[in-house]
2 protein chains.
Amino acid sequence: MQTQVSPPAEAPRSTPAADKILDVAEQLAQTRGFNGFSYADIAAKLNVTKASLHYHFRSKADLGRALIARYHVVFERALAAIADGPGDARAKLLRYVDLYYDVIVSDRMCLCGMLAAEYATLPVPMQAELRLFFDANERWLTVRLDEGRRAGKLAFREPAKERARLLVGALEGAMLVARVYGDGGRFRAAGLAAIADLHVRRASNVA
Amino acid sequence: MQTQVSPPAEAPRSTPAADKILDVAEQLAQTRGFNGFSYADIAAKLNVTKASLHYHFRSKADLGRALIARYHVVFERALAAIADGPGDARAKLLRYVDLYYDVIVSDRMCLCGMLAAEYATLPVPMQAELRLFFDANERWLTVRLDEGRRAGKLAFREPAKERARLLVGALEGAMLVARVYGDGGRFRAAGLAAIADLHVRRASNVA
DNA sequence: GTCTATAACGAGATAGAC
DNA sequence: GTCTATCTCGTTATAGAC
């Protein structure tokens, strides 16, 4: 079963040095935002000079684009692993929530959620790359939701695509707010409740 | 019925000039983020100099704090109007969603959702002010949810406070992602679905 | 209350040596 | 590939005249 649908426009050729730069930049972008860190910050953490960073990523826009592309590839790989793994649709959705949970417990925001906030200030190539990420998430969730509904394991009123959008937004937003309180538990509770809402109800007035 | 619960720590004394500055700063902060605009941007839009802005708001941190405080006051007033107005709990929740919808149709992100993303880079006083906003939203929603559930008009599994947090996150996140696509309709659909999830179900297997 | 002028700093980026 | 050195620009902020 091939679940890889739309890879990022251009996978970054990875060298050890470039990878280390991306690692640090990613951590900074996920905690402070893309406009919240500079080449100087990365250089300091790696004990190199700013000039050497420019050798690997000519401009910050290039760095940002590579950042999203790599994040997207890794995420997509995780999604494929879940999709191709065991369990019913509900179990897979819960593993999807765990993917996000792993991010917030490392005191980060989802890279793409963070960049979504900064969208208006991003270079156009980054904006395009960002949409690809959300599109991929939406598609993956849509398949899982349809699958679960057809199997009678999940219930929801609207088209699967709409529910998928609701889920992506709910998880991104839950992370966003949870970070203000430094409380991953807040995210987890919201994530689980969002999936629980998809329960097939047989009794009346579940309150 | 008094619904005003926790006003922001310090309401900004409003002069016409300060108000105009806040208006412009608010628009910029909601579209570009707090770190995405400068005094120069405000000065240009108002045809004044940067120095004159510093007369009204000594530092950008002061400006930011005033920004949140004013936003909080206005929002709280709107919440009180809804709470004290007609309609059942569900109708009030829908009007709450409309409050957010009005923001995104003006091509903005919720100010506090935007600031939540930038949380780690914000001056401490702004961080504190920000939590007050989310606390107030959570409290207001919790009351509405409890009210609706007691009246048998709303159904949900978890404590009202948890559902309130889920709703705040879902709406903030829906706005965040919808802005990437420049599509307010995305937000609206998610918002309505989130409220629809609170329907009391009498039939089985609502799919 | 708004201006001119400027300080002090950090940003992204480049040239050219090693 | 990484360095030193430098450039240019934008940023927040202040002093002091009007």
Side-chain angles (χ1 to χ4, degrees), chain A residues 12-68 114-115 117-127 129, chain B residues 12-29 31-68 114-115 118-127 129:
Chain A
R13 65 269 168 269
S14 86
T15 74
D19 274 351
K20 283 203 293 187
I21 293 168
L22 287 175
D23 288 342
V24 173
E26 186 177 84
Q27 193 269 334
L28 287 167
Q30 289 187 257
T31 49
R32 305 179 51 86
F34 186 70
N35 297 324
F37 74 92
S38 71
Y39 270 40
D41 296 320
I42 305 173
K45 289 215 191 195
L46 290 178
N47 277 300
V48 294
T49 60
K50 292 187 289 170
S52 98
L53 301 180
H54 279 284
Y55 170 81
H56 297 282
F57 301 96
R58 198 168 301 277
S59 72
K60 201 184 175 191
D62 285 344
L63 172 62
R65 200 164 177 284
L67 223 39
I68 305 177
M114 185 65 94
L115 296 178
E118 300 177 286
Y119 189 76
T121 70
L122 297 180
V124 173
M126 286 183 68
Q127 294 182 336
E129 199 83 42
Chain B
R13 64 268 169 272
S14 86
T15 73
D19 275 351
K20 284 202 293 186
I21 293 169
L22 287 174
D23 288 341
V24 173
E26 186 177 84
Q27 193 270 334
L28 287 167
T31 50
R32 303 179 52 87
F34 186 70
N35 297 324
F37 75 92
S38 72
Y39 270 40
D41 296 318
I42 305 173
K45 289 215 192 198
L46 291 177
N47 278 300
V48 294
T49 60
K50 294 183 286 171
S52 97
L53 302 180
H54 280 284
Y55 170 81
H56 297 282
F57 300 97
R58 198 167 301 276
S59 72
K60 200 183 174 190
D62 285 344
L63 172 62
R65 200 163 177 284
L67 223 40
I68 306 177
M114 184 67 93
L115 296 177
E118 301 176 286
Y119 189 77
T121 70
L122 297 180
V124 173
M126 285 183 68
Q127 295 182 335
E129 199 82 42

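None of these values were measured; they are calculated from a predicted model. All values below come from the heavy atoms of this structure, side chains included, with hydrogens, waters and symmetry mates left out. Labels below follow one simple rule: chain letters A, B, ... track the order of the sequence lines, proteins then strands, and each chain is numbered from 1.
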Undergrad: Under 3.5 Å, is there a donor-acceptor pair between the side chain of B/Gln127 and the main chain of B/Tyr119?
TA: yes

Undergrad: Taking NE2 from A/His54 and P from C/dG16, how many angstroms apart are they, rounded to a whole number?
TA: 17 Å

Undergrad: Can you tell me which nucleotide in D/dT2, C/dC3, C/dA11 comes closest to the side chain of B/Val48?
TA: C/dC3

Undergrad: Check whether any side-chain heavy atom of B/Ile42 sits under 4.5 Å from a side-chain heavy atom of B/Leu63, and report yes or no.
TA: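 B/Ile42 reaches B/Leu63 side chain to side chain.
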
Undergrad: Counting just side-chain N and O atoms, does A/Ser52 come under 4.0 Å of either OP1 or OP2 of D/dG1?
TA: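 Indeed not, no polar side-chain atom of A/Ser52 lies that close.
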
Undergrad: Does B/Leu115 reach the side chain of B/Glu129, with side-chain heavy atoms less than 4.5 Å apart?
TA: no

Undergrad: Check the distance between C/dT14's C1' and A/Leu53's CG and give it to me in whole angstrom.
TA: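 Answer to the nearest Å: 14 Å.
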
Undergrad: In this structure, how many angstroms lie between the C1' atom of C/dC18 and the OH atom of A/Tyr55, rounded?
TA: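 These atoms are roughly 15 Å apart.
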
Undergrad: In the structure I gave you, are the side-chain heavy atoms of B/Phe34 and B/Met114 within less than 4.5 Å of one another anywhere?
TA: no

Undergrad: Please pick, from D/dC3, C/dA11, D/dT14, the nucleotide with the shortest atom-to-atom distance to any side-chain atom of A/Ala51.
TA: D/dC3

Undergrad: Take atom OH of A/Tyr39 and atom C1' of D/dA5, then tell me their distance rounded to the nearest Å.
TA: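 In whole Å, D/dA5 C1' lies 19 Å from A/Tyr39 OH.
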
Undergrad: Measure the distance from CD1 on A/Ile42 to P on C/dA11 and round it to the nearest whole Å.
TA: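 It is 11 Å, rounded to the nearest whole Å.
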
Undergrad: Using the side-chain heavy atoms of A/Lys60, tell me which of these nucleotides is nearest: D/dT14, C/dT4, C/dA13.
TA: C/dA13

Undergrad: Taking A/Ser52's backbone N and O only, do any of them form a donor-acceptor pair with A/Tyr39's side chain (distance below 3.5 Å, no angle check)?
TA: no

Undergrad: CG of B/Asn47 versus P of C/dG1: gap in Å, rounded?
TA: 19 Å

Undergrad: Expressed as a whole number of angstroms, how long is the span from B/Leu28:CG to D/dT11:C1'?
TA: 15 Å

Undergrad: Both A/Lys50 and A/His56 contact DNA chain D. Taking the nearest nucleotide for each, which residue is further toward the 5' end?
TA: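 Looking at DNA chain D, the more 5' nearest nucleotide goes with A/His56.
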
Undergrad: So what does A/Ser38 touch, heavy atoms closer than 4.0 Å: a base, only the sugar-phosphate, or nothing?
TA: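 If one applies the 4.0 Å heavy-atom cut-off, A/Ser38 turns out to touch the sugar-phosphate alone, with no base involved.
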
Undergrad: Of the nucleotides C/dA13, D/dT2, C/dA5, which one has an atom closest to the side chain of A/Ala17?
TA: D/dT2

Undergrad: Which whole-number value in Å describes the distance from A/Asn35 CG to D/dT11 P?
TA: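 In whole Å, D/dT11 P lies 12 Å from A/Asn35 CG.
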
